[in-house]
Amino acid sequence: MAKMYNHAEVEKKWQAKWEEAGIFKAEDFSDKPKFYGLVEFPYPSGAGMHVGHIKAYSSVEVIARKRRMQGFNVMFPMGFDSFGLPAENYAIKTGTHPAVITAKNIEHFTEQLKTVGYSFDWDRDLATSNPDYYKWTQWIFLKLFEKGLVFRANTLVNYCPNCKVVLSNEDSQGGKCDVCHSDVVQKEKSVWYLRITDYADKLLEGLDTVDFPENVKQQEVNWIGKSEGAFVDFSLKDIDEKLEIYTTRCDTLFGVTFMVMAPEHPLIDKYKDRLANFDEVEKYRETCSKKTEFERTQLVKDKTGVKLDGISAINPVNGKEIPIFIADYVMMGYGTGAIMAVPAHDQRDYEFAVKFGIDIIEVIEGGDISKEAYSGDGNMINSDFLDGLTNKKDSIAKMLAFLEEKGIGRRGIQYKMKDWAFNRQRYWGEPIPLIHCSRCGVVGVPYEELPLTLPDVKNFEPGEDGNSPLAKIDSFVNCKCPKCGGDAKRETDTMPQWAGSSWYFLRFCDPGNDNALADSEKLKYWMPVDWYNGGMEHVTRHLIYSRFWHRFLYDQGIVNTPEPYAKRTYQGLILGPDGDKMSKSKGNVVDPMDIVREYGADTLRLYVLFMGDYGAATPWSENGVKGCKRFLDRFAALPDIVDKKSSDTSLESAVHKTIKKVSEDIEQMKFNTAVAAMMTLLNDVYANGSINRDDLIVFIKLLSPFAPHICEEMYESLGGEGFVATSAWPEYDPAKTVDQTIEIAVQINGKLKTTIMIDKDEPKESAISKGKEAVADKLSGNIVKEIYVPGKIVNIVVK
RNA sequence: GCGGAUGUGGCGGAAUUGGUAGACGCGAUAGACUUAGGAUCUAUUGCCCAUGGUGUGCAGGUUCGAGUCCUGUCAUCCGCACCA
């Protein structure tokens, strides 16, 4: 049996037929219910597709194909996130223009995607680096600017010395550059920010309204990192100045024995004349600034710092004079860059106090402060008017009331999330449409001048001065101020990689529109995205950014839903055959196109969904691929045994069970068990030796979202009308998913002894007696209980 | 430290949510067909002192019955992190 079908021929044939018939085109406005399925569009790298892309896209592909068969008007678009550093770095190396490389890569990618047979609507294809696309990226930016959500600040920023570029917090997680994985350093620089923190609460609240996996939501909540506490003013001794701190435990104020400022705190420079040990302070600050983020956070064990000699603070609740230190365990970027230290109840402060011999005053009972800080609940002591309170909530409330009355403290909220550092000193990105005018300040490029196109340059190398290559082009830089008409200069930095992807799902609704980012009626029809699948690594990057932009556009009345994605899912990583992460250096990378050539696209698609739990990391197995190919070959041979038996009803319940299982499993992304169910059915069919034509057509339909090419081929050979892809998804009859005769277990004291066959409607008494009969020789002692779980087990309890 | 998970054969992984543990696939073993087999087909395949016993990281507990629930414990993975 099992001659192998010619996958290369079959797949090419049907890809051409689908394209010719245009069956995957989404219709704007239709009486059918709509389904907008989305996968993260790729960066078109020169290396082409990775097996990870295949896994990421195949899930929504299966769902989209099923929805079409269920009568939905489906939009499943694809495009390219085509601005970015790799093309630019390649350009620096070879001198080829990034636009040329990008166009070539997009072509290559498109061809590869088509080879896999995805049911994308290619008419909606887009690329973020096309001027007619980034015109609208710039347009949204100008809207943000108009609404005061763009600002420039001179602060410490994450900087990648290798890429020579400023990075956002999201782009430098773990102290490593997102692009090249070099250590990120802190650098003082004037950069553009988007005020994403203004949307922190909205981004949090929005999570309650969407269907995201719990861990995805949790990760976003943690990233936003909302904390409620209080700002408290400490006055300095003999100086008319206050030092403001942020704390979540203002009720421990009586336990404050010192204060710590971040080394970069501006107050230090302001009062350096008063510092007797300024040299020592300067030296310490210098060592800190040289540390990378990585070093600064890894050396957690050893607290370092310098006491400010000449400046001290007054504890506002008891008037005691307390010393001030600078130490790098306090960060300038969170809160106010200064803390009140309560060594008895904060482990970091405790370690510092021990090292520097500072008093430790217990204000909450319950721990042993001779050993370590105690951060639990307990009775308040040594705290004047708070003494005796046992509840954290009460003591905080009482202290807050006191501070507010005295005017030295106020309620405050802090977020770990920082504003989005938005400019990159690079060429291959959207030019930021702003103009610096010496008279008018910063002015937006007029809307009618968009797109502000990237000028042609010869040298893509970023300047050593930290400027983008655009700064070297006088004809681009020099311009007239749109407000006063005087000479002015353009902003020469470009937007980060994430800009274009922050709204691309909107453009898919109306990709050719030149008058708006998309027609509002079309947006209203298609949005929100019904199902969005992508990588876990984008949860605190692309997902946050795009939700922010979308929420902003909602507030401006441009889109009609507050959240862009109704449902989000993610795929697990595909590991190399050795179980390690795939990487070029390890040489364990699998090229999906090799698999297509050798086994076919249907096999590849089937395998990535069958290989394991969709959400889990699973190693690649070439033998597993072969197993899927074997299944498809055996499936393709089914027409040989069609209607071998004249009246064949023995498969009826197996077929209905499989329809139910496959239909339900797809919805829950349990593709592996859906495929397993079809493999089981195939085994049943061969065991039976025959299958009738109608059942085979049902089987073909069930498999078609996974392996569409071979299914079209078989459907055609059986005389099916049109395409399987546009045929109706099979329904099952619940009554037929139940067998008439069933096998149940017989247990004694919960231990399996044997199994018996009974009728599915067997009465309890009869089932029990049949069970007892079957284990009669093993029964000894008194029967104390008889349990029958219908359709499952008989359990005889003896003593 | 905080947050999220996970632990089941030689391997990837199933288990209708408290009811026959190991579906399906891989690998392995034996046989068939073959000039050949790394193709295909058939059979077997958790482990063990095998008419039975035992088994879901480990130790307890609840229950007629526990991979599933409870308590404790160990290990691994992922994300964030001197966040005040």
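Sequence lines set the chain letters: A, B, ... in the order given, protein chains first and strands last, and positions in each chain run from 1.
Nucleic acid contact for A/A341: none, since no nucleic acid atom lies under 4.0 Å from a heavy atom of the residue.
For the C1' atoms, the distance linking B/G57 with B/G67 amounts to 12 Å, nearest Å.
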Step by step, would you call A/H538 with A/E40 a side-chain hydrogen bond (donor to acceptor under 3.5 Å, both in side chains)? CA-CA 10 Å; A/H538 285 136; A/E40 286 170 350; 2.9 Å; yes
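Dashed line: the shortest gap from a side-chain N or O of A/Y334 to OP1 or OP2 of B/A84 is under 4.0 Å. A close approach under 4.0 Å does occur between a side-chain nitrogen or oxygen of A/R630 and OP1 or OP2 of B/U40. Put simply, A/K670 has a side-chain N or O that comes within less than 4.0 Å of OP1 or OP2 on B/A15. Residue A/T618 has a polar side-chain atom (N or O) positioned under 4.0 Å from OP1 or OP2 of B/G13.
Contact of A/K626 with B/C26 (side chain to base): no donor-acceptor pair of N or O atoms is detected under 3.5 Å. Between the base of B/C64 and the side chain of A/N795 there is a donor-acceptor pair shorter than 3.5 Å.
In B/U35 the base sits anti relative to the sugar, since the glycosidic angle is further than 90° from 0. Here B/G37 is in the anti range [glycosidic angle more than 90° from 0]. In B/A50 the O4'-C1'-N dihedral to the base is within 90° of 0, which defines a syn nucleotide.
Between the CZ atom of A/F352 and the P atom of B/A84 there is a distance of 18 Å, rounded to whole Å. Atom NZ of A/K792 and atom P of B/U16 are 9 Å apart (whole Å).
A donor-acceptor pair under 3.5 Å is absent between the side-chain atoms of A/Y732 and the main chain of A/K657, judged by distance alone.
Remark: A/N782 CG is loosely packed, at most 12 non-hydrogen atoms of other residues, nucleotides or ligands lying under 6.0 Å away.
The residue among A/T247 and A/I787 whose nearest nucleotide of RNA chain B lies closer to the 5′ end is A/I787.
With A/R249 as the partner, the side-chain hydrogen bond (donor to acceptor under 3.5 Å, both in side chains) test is satisfied by one option alone out of A/D251, A/T252, A/T247: A/D251.
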